[in-house]
Amino acid sequence: MVNKITVVGAGNVGATTAQRVAEKELARTVVMVDVAEGIPQGKGLDQWESAPIEGFDTRVIGTNGYAETADSDIVIITAGIARKPGMSRDDLLNTNAGIVKQVSEQIKATSPNAILIIVSNPLDVMCYVAKEVTGFPRQRVLGMAGVLDSARYRAFLAEALDVSVRDIQAMVLGGHGDTMVPLISYTTVSGIPVTQLIDRSRLDAIVDRTRNGGAEIVKHLKTGSAYYAPSSGAVQMAEAIVRDEKRILPCAAWLEGEYGQKGIFLGVPCKVGRKGLERVLEVELTADEKAALAKSADAVREPMKAVKL
Ligand code: APR
């Protein structure tokens, strides 16, 4: 376990993330920070009071300031507004960019050595804001999107094939939006190429549902967006860092020429361990996948240009 993990934003994603971190005892202390007075304090105390029942010793605290977050090992940023029906992730751009900028300035000042995991949307652009504002190296700024998108894809496939989710390996790359790129060529069921087990039209329908997985939840909830699976995704990445697992996970990473892309955050296969991003893995892609990834990069560049830092 590490000493301290801070979760910024004590809303649906943030509070669920803090709870999962505590239940897994990834840190001695979990600090939830939010601008809403009383919310992080109340949720933090409530979670801490579950500790004797759940059997974890991680201390959960909530605050409106950054003093308690000082010298965090990992900071998970979930602050911002969530989508409502009919909104795209890009509709959140200006509001959330301002919030992530302000949060990043505070983190830079109080936890200069932290590894950042960004969850706020539009994800790839918020990663860029956090990296620009903190000046942290790319090893210490990762975005959570691919783990979530892949989990949705795997869950839908497990359901369609009537097999365990554990036996489905898959990667979803690209930006965290409609242009994401589920890699069919690397989707296997215990090593068996998925195309041998399901016909192409059903697979295409699953890929399409994955692309719109976030919107599907927003449509049900009406007042907000997904948080159980997103918090699971963020915590899986934090766990890989804390336990130095060297996991190969699809994460948004700052590219420096990989996949023909430079100066942009995009979902790619990453080795994640105690140092954060330890390596970007460049895998072979089909011509279609390459074209789809390039298109996805263009879709991330557009809002990136619009953001004011
Ligand atoms: N500093 C800290 N917290 C902030 C700030 C700020 N500057 N501005 C807003 N917040 C807090 C809000 O007070 C709120 O408690 O962020 C929290 C957001 O919580 P929710 O509205 O419940 O939204 P949530 O579902 O958690 O989504 C948060 O994660 O998945 C993404 O798209 C989603 O961008 C959204 C973010």
Side-chain angles (χ1 to χ4, degrees), residues 6-21 31-44 46-47 61-69 72 75-111 116-130 133 142-149 151-152 175-178 180 212-237 252 267 303 307:
T6 285
V7 181
V8 188
N12 283 335
V13 179
T16 318
T17 298
Q19 180 187 10
R20 293 192 195 285
V21 166
V31 185
M32 253 190 289
V33 199
D34 199 295
V35 286
E37 274 175 40
I39 299 293
Q41 291 87 346
K43 289 188 180 180
D46 192 10
Q47 288 186 12
I61 55 169
T63 171
N64 299 119
Y66 283 80
E68 294 89 336
T69 72
S72 292
V75 176
I76 304 174
I77 301 181
T78 77
I81 54 165
R83 280 198 282 175
K84 302 256 160 46
M87 285 172 95
S88 79
R89 293 185 181 92
D90 283 351
D91 291 334
L92 311 174
L93 183 70
N94 289 324
T95 309
N96 285 358
I99 292 172
V100 171
K101 181 173 182 235
Q102 183 254 332
V103 169
S104 301
E105 283 162 355
Q106 297 287 341
I107 295 302
K108 182 186 179 181
T110 48
S111 294
L116 308 183
I117 299 173
I118 316 297
V119 186
S120 309
N121 275 310
L123 193 272
D124 309 274
V125 189
M126 294 306 109
C127 292
Y128 165 68
V129 171
V133 173
L142 281 165
M144 193 295 299
V147 173
L148 168 63
D149 296 327
R152 286 182 172 144
H176 188 45
D178 314 342
M180 68 180 75
N212 297 299
E216 186 178 354
I217 305 282
V218 172
K219 213 169 143 203
H220 282 301
L221 296 179
K222 294 185 183 68
T223 55
S225 54
Y227 53 102
Y228 291 112
S231 56
S232 290
V235 174
Q236 183 173 58
M237 289 170 65
V307 86

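No hydrogens, no waters, no symmetry mates; every other heavy atom, side chains included, goes into these values. As the structure lists them, so they are numbered: ligands from 1, and atoms in each ligand from 1.
Listed by number with element, the atoms of ligand 1 under 4.0 Å from a non-hydrogen atom of Val119 are 29 (O), 30 (O), 31 (C). Against a heavy-atom cut-off of under 4.0 Å, Asn96 is close to the following atoms of ligand 1: 34 (O). Less than 4.0 angstrom separates some heavy atom of Val103 from each of these atoms of ligand 1: 1 (N). Which parts of ligand 1 touch Ile81 is read off a 4.0 Å heavy-atom cut-off, strictly below it: atoms 34 (O), 35 (C). Under a 4.0 Å criterion applied to the non-hydrogen atoms of Thr78, ligand 1 contributes the atoms 28 (C), 29 (O), 36 (C).
More than 12 heavy atoms of other residues, nucleotides or ligands sit less than 6.0 Å from atom CG of Asp90.
Looking only at heavy atoms of the protein, atom 19 (O) of ligand 1 is closest to Gly11 CA, 3.2 Å. The protein atom (non-hydrogen) at minimum distance from atom 22 (O) of ligand 1 is Asn12 N, 2.9 Å. Of the protein's heavy atoms, Val35 CG1, 3.6 Å lies nearest to atom 1 (N) of ligand 1. Nearest non-hydrogen protein atom to atom 17 (C) of ligand 1 is Asp34 OD2, 3.6 Å. Regarding atom 21 (O) of ligand 1, its nearest protein heavy-atom neighbour is Gly80 O, 4.1 Å. Ranking the protein heavy atoms by distance from atom 23 (O) of ligand 1 puts Ala82 CB, 3.8 Å first. Shortest contact from atom 7 (N) of ligand 1 to any protein heavy atom: Gln102 OE1, 2.7 Å.
For ligand 1, one of its N or O atoms has an N or O atom of Val13 under 3.5 Å away. Considering backbone and side-chain atoms alike, Ser120 places every N or O at 3.5 Å or more from each N or O of ligand 1. Between Arg83 and ligand 1, no N or O atom pair is found at a separation short of 3.5 Å. The shortest N or O to N or O distance between Tyr66 and ligand 1 is not below 3.5 Å. The N/O atoms of Ala79, backbone and side chain alike, include none that comes under 3.5 Å of an N/O atom in ligand 1.
No donor-acceptor distance shorter than 3.5 angstrom exists from the side chain of Thr78 to the backbone of Ser120, with no hydrogens or angles considered. Asn12 places no side-chain N or O within 3.5 Å of a backbone atom of Ala226 that could act as its donor or acceptor partner. Here the side chain of Gln41 pairs a donor or acceptor atom with the backbone of Gly38 at under 3.5 angstrom. Judged by distance alone, the side chain of Asn64 and the main-chain N or O of Ala36 form a donor-acceptor pair under 3.5 Å. Side-chain atoms of Ser72 do not come within 3.5 Å of backbone N or O of Ser111 as any donor-acceptor pair. Using a distance-only test at 3.5 Å, with no hydrogens or angles considered, a donor-acceptor pair links the side chain of Arg20 to the main chain of Tyr228. Between the side chain of Glu68 and the backbone N or O of Val33 there is no donor-acceptor pair closer than 3.5 Å.
No side-chain heavy atom of Asn121 sits less than 4.5 Å from a side-chain heavy atom of Arg83.
Of the inter-residue distances, the one linking Gln236 atom CD with Ile117 atom CD1 reads 10.5 Å to the nearest 0.5 angstrom. Rounding to the nearest 0.5 Å gives a distance of 10.0 Å between CD1 of Ile76 and CE of Met144.
Residue Asn121 holds the heavy atom nearest to atom 30 (O) of ligand 1 of all those in Thr223, Val218, Asn121, Val8.
At a 4.0 Å cut-off, not a single heavy atom of Ile39 sits close enough to ligand 1 to count as contact. Heavy-atom distances between Gly224 and ligand 1 stay at or above 4.0 Å for every pair.
Under the 3.5 Å distance criterion, with hydrogens and angles disregarded, no donor-acceptor pair is assigned to the side chains of Asp124 and His176.
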